[in-house]
Amino acid sequence: MSAPAHAQGNGSERIWTVLDLLKWTTDHFAAKGIETPRLDAELLLAHALDLRRLDLYLRYQEPVAADARARFRELIGQRVGARVPVALLLGEKEFWSLSFSVTADVLTPRPDTETLVEAALARLPDAERAYRVLDVGTGSGAIALALAHEKPRARITATDISPEALEVAGRNAEALGAADSVRFLRGDLFSPVQDEFFDLIVSNPPYLARADAGALAPELAHEPEQALFGGEDGYSVLRPLAEQAPDRLEPGGWLLVEVDPNQAKTVGGWFAAAGLGDGEILKDLAGRSRAVVARKPTLSPGSEVPGRRD
Ligand SMILES: C[S@@+](CC[C@H](N)C(=O)[O-])C[C@H]1O[C@@H](n2cnc3c(N)ncnc32)[C@H](O)[C@@H]1O
């Protein structure tokens, strides 16, 4: 089978339709071990043609011009050669039905993280209340901006240690019309919010173990290291996060943290040891333990737990 850009031997260029290109590329991607070959082919061809993916289905029999085929071929080369993820080739990723710009400076938001958004929303039930919410390690702003979209009255703070990530998050906030709803701060864990208290703290921290790096999908090489790895064992950010978060919670406030499935019990144990109660492990779309949730006890009469007084 010849590649989409090759001329045929009889002097006239072969006509490649949308469907021809999708079939050829799907087979090519599958042969090269790409996990979702048809989907990737559709997304990249739609991008090369400047169409929405669904519009391809109405144009299966239409020929694709040489310049669009050249753009498509270039994308195919990057996807297969350097294993650049589709989201990075497109420069955008949908999360919580919102479109996020993504660059090499941020983690591409994952569908699994929607578990965390859903669980956070369930714990912010009062539509009128101006809940104080903190997203630690916001990356592209995915969690903070999804929450801002659903809870316009919430006062959301989003932090990250990476200034480059915060730039991307800020641009996403502008594009989604949420620049006034989310405050972005740079710093390590809770250092930018040292004297503040929150009704809910949510975080998808870097939690992969560097010791496992060799076994990871090649696509991950295109994501920022400090978004992926939590030290040798995966816990270098998770552990201080679990230890320090309770001090920043209001009485009755919630802590929700995404984890690798094999970390859920350990992290749940830390939450309990830090005095949090109502601990729960949440499953992702594939049924794997994906998030740990717990709550700071509410004040009992006469106790003196520091908290917001406004
Ligand atoms: C796994 S990514 C999550 C990004 C985004 N919240 C999401 O769910 O798509 C983790 C983020 O935490 C940031 N980060 C890593 N270590 C941090 C630290 N010590 N303090 C604050 N942010 C940190 C990284 O820069 C990265 O943006």
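Below, all heavy atoms of this structure are taken into account, side chains as well, without hydrogens, waters or symmetry copies. This chain uses plain numbering: 1 for the first residue, then up along the sequence. Atoms within a ligand are numbered from 1 in the order they appear, just like the ligands themselves.
Between atom 6 (N) of ligand 1 and the options P109, G139, G137, A146, the minimum heavy-atom separation is to G137.
Put simply, part of P205 is less than 4.0 Å from ligand 1, judged by heavy atoms. Ligand 1 lies less than 4.0 angstrom from a heavy atom belonging to D188. The shortest heavy-atom distance from P224 to ligand 1 is not under 4.0 Å.
Near G187, meaning under 4.0 Å from one of its heavy atoms, ligand 1 places the atoms 20 (N), 21 (C). Against a heavy-atom cut-off of under 4.0 Å, T138 is close to the following atoms of ligand 1: 4 (C), 5 (C), 6 (N). Counting atoms of ligand 1 from 1 in the listed order, those under 4.0 Å from a heavy atom of T113 are 8 (O). Close approach to Q226 involves these atoms of ligand 1, each under 4.0 Å from a residue heavy atom: 15 (C), 24 (C), 25 (O).
Polar contact with ligand 1: present for D160 (N/O pair, distance under 3.5 Å). Ligand 1 has no nitrogen or oxygen under 3.5 angstrom from a nitrogen or oxygen of P206. Annotation: I161 places an N or O atom under 3.5 Å from an N or O atom of ligand 1; distance criterion only.
Aromatic rings from F72 and W16 are positioned such that their centres are separated by 6.0 Å or more.
A227 O, 2.9 Å is the protein heavy atom nearest to atom 1 (C) of ligand 1. From the protein, the heavy atom lying nearest to atom 20 (N) of ligand 1 is L189 N, 2.9 Å. For atom 10 (C) of ligand 1, the closest non-hydrogen atom on the protein side is N204 O, 3.3 Å.
Under the 3.5 Å distance criterion, with hydrogens and angles disregarded, a donor-acceptor pair is assigned to the side chains of R183 and T157. Side-chain atoms of E92 and S99 include a donor-acceptor pair closer than 3.5 Å. Between the side chains of D135 and T138, at least one donor N or O lies within less than 3.5 Å of an accepting N or O. D20 and T17 share a donor-acceptor pair across their side chains, judged by distance under 3.5 Å alone. Side-chain contact annotation: T113 with E258, donor-acceptor N/O pair under 3.5 Å present.
Salt bridge absent: R290 and E114 never bring a charged side-chain N and a carboxylate O closer than 4.0 Å. Under 4.0 Å is where a charged nitrogen must lie from a carboxylate oxygen, and between D199 and R129 at least one such pair does.
Around atom CG of D126, more than 12 heavy atoms belonging to other residues, nucleotides or ligands sit under 6.0 Å away.
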